[in-house]
Structure formats: structure tokens, C-alpha cells
Amino acid sequence: MEKFKALYKAMHDDLKDAEMMIEYACKVRDEDEKDMALAKELASYASYRLSHFMEFHKLFVAESAKYASKMPAETVDHCLWGETHEMMQEWYESIKHKIDHFK
């Protein structure tokens, strides 16, 4: 189970950091146009963390698939993963939207 904890934590941290960095990028950009280069670097880092989330997401899904066939669909673990996965996907899309619309 440690592998699931580690992968979940990594995915969560990637999303949290990506969101934080794009928010900083927007604030730096809005505060002073002279800092646009720095704002772009922060936005670029946010984008990197978001893509890293997807790498770990693929690993998590692959590891989960090994156990899915052994677990009835109505178990608490299965339901919690479904809810967690949906929440992370919505969070991912929200951050991606912010990054895509950063100017």
C-alpha cells in the first residue's frame, strides 16, 4: 500500500504546486509588467508540474488496475478512489484552464 500512498501524495503535491505557481504568475504579471519574464517562468513551472501529475496519474492507474479485478465495485476503497479521481481530474482541468489562459 505504500506505493499508492506515495503516488497519491505525489499527484496531490503536483496539483497543489501547479495551482500555487500559476496563481503567483498571475499576481506577478498583474503587479508589474516589467516582471513578465518572471511571470512566464512561474507559469512554465506550473505547466511542468501539471504534466508531471499526468505521469504519476498513469502510474497510479496502472497499479490500481492490477487490483481492480480483485475488488468488487461496491467496496469502500473502490468508491473512495472513484471520488478522489474525479476530484483530482476537476482540479487538474481548473489549473490547466488557468495556465492555458495565462497571458
Side-chain angles (χ1 to χ4, degrees):
M1 289 295 125
E2 284 301 313
K3 65 182 169 186
F4 291 113
K5 287 182 197 176
L7 289 169
Y8 172 82
K9 182 68 175 148
M11 290 186 309
H12 183 271
D13 288 352
D14 280 338
L15 289 174
K16 184 175 67 174
D17 287 351
E19 184 174 53
M20 180 177 58
M21 287 296 109
I22 193 59
E23 287 175 2
Y24 280 138
C26 290
K27 287 178 183 178
V28 167
R29 175 201 60 204
D30 294 345
E31 190 173 278
D32 191 344
E33 288 184 19
K34 295 175 188 169
D35 291 328
M36 189 59 165
L38 174 59
K40 286 181 179 180
E41 282 298 317
L42 294 170
S44 177
Y45 184 62
S47 183
Y48 165 76
R49 290 301 295 259
L50 204 59
S51 65
H52 192 263
F53 163 82
M54 289 307 292
E55 292 174 27
F56 273 70
H57 180 266
K58 288 176 189 173
L59 292 172
F60 194 99
V61 169
E63 289 299 320
S64 296
K66 295 176 185 177
Y67 297 97
S69 61
K70 301 174 189 176
M71 199 182 327
E74 59 276 347
T75 64
V76 172
D77 293 347
H78 192 81
C79 292
L80 284 175
W81 165 240
E83 289 299 313
T84 302
H85 185 255
E86 185 178 322
M87 180 270 308
M88 285 188 151
Q89 289 300 311
E90 289 172 2
W91 193 7
Y92 171 89
E93 290 300 325
S94 171
I95 298 165
K96 185 171 181 351
H97 179 78
K98 289 176 187 176
I99 292 170
D100 289 347
H101 289 89
F102 178 81
K103 294 180 182 181

Can you establish whether the number of heavy atoms outside [X] located under 6.0 Å from its atom [atom1] is more than 12?
X	atom1	result
Y48	OH	no
F102	CZ	yes
E93	CD	yes

Problem - Heavy-atom closest contact (M11 atom, H57 atom, distance) - result: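 Closest pair (atom of M11, atom of H57, distance): SD-CA, 3.4 Å.
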Handout entry: Flag, side chain of H101 to backbone of H97, donor-acceptor distance under 3.5 Å
Key =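 Present.
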Using the rule that two of Ile, Leu, Val, Met, Phe, Trp, Tyr join whenever any of their side-chain heavy atoms come within less than 4.5 Å, decide whether [X] and [Y] are in one cluster.
X	Y	result
L50	I22	yes
Y24	I95	no
L42	M36	no
M87	L15	yes

Handout entry: salt bridge (charged side-chain N to carboxylate O under 4.0 Å, His left out) involving D100 - partner list, sequence neighbours excluded
Key =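 K96.
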Practice task
Taking salt bridge (charged side-chain N to carboxylate O under 4.0 Å, His left out) as the test, write out the residues that go with K34, two or more places apart.
Solution key: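 None.
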Considering only heavy atoms from C-beta outward, does the side chain of [X] approach that of [Y] to under 4.5 Å?
X	Y	value
W91	H12	yes
R49	M21	no
M54	Y92	yes
Y8	T84	yes

Handout entry: Gap between atom CG of L7 and atom CZ of F60 - 0.5 Å precision
Key =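 Atom-to-atom, F60:CZ and L7:CG are 6.5 Å apart.
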Exercise for the section: Let me know which of K98, R29, K16 forms a salt bridge (Lys or Arg N to Asp or Glu O under 4.0 Å) with E23. Expected result: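 By the salt bridge (Lys or Arg N to Asp or Glu O under 4.0 Å) criterion, E23 pairs with just one of K98, R29, K16: K98.
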Practice task
Assign the ring pair F56 / H52 to parallel, tilted or perpendicular, where the plane angle (0 to 90°) is split at 30° and 60°.
Solution key: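 If you compare the ring of F56 with that of H52, the planes turn out tilted.
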Handout entry: Pair M20-D17, side chain to side chain contact (heavy atoms under 4.5 Å, CB included): steps then yes or no
Key = CA-CA 5 Å; M20 180 177 58; D17 287 351; 3.8 Å; yes
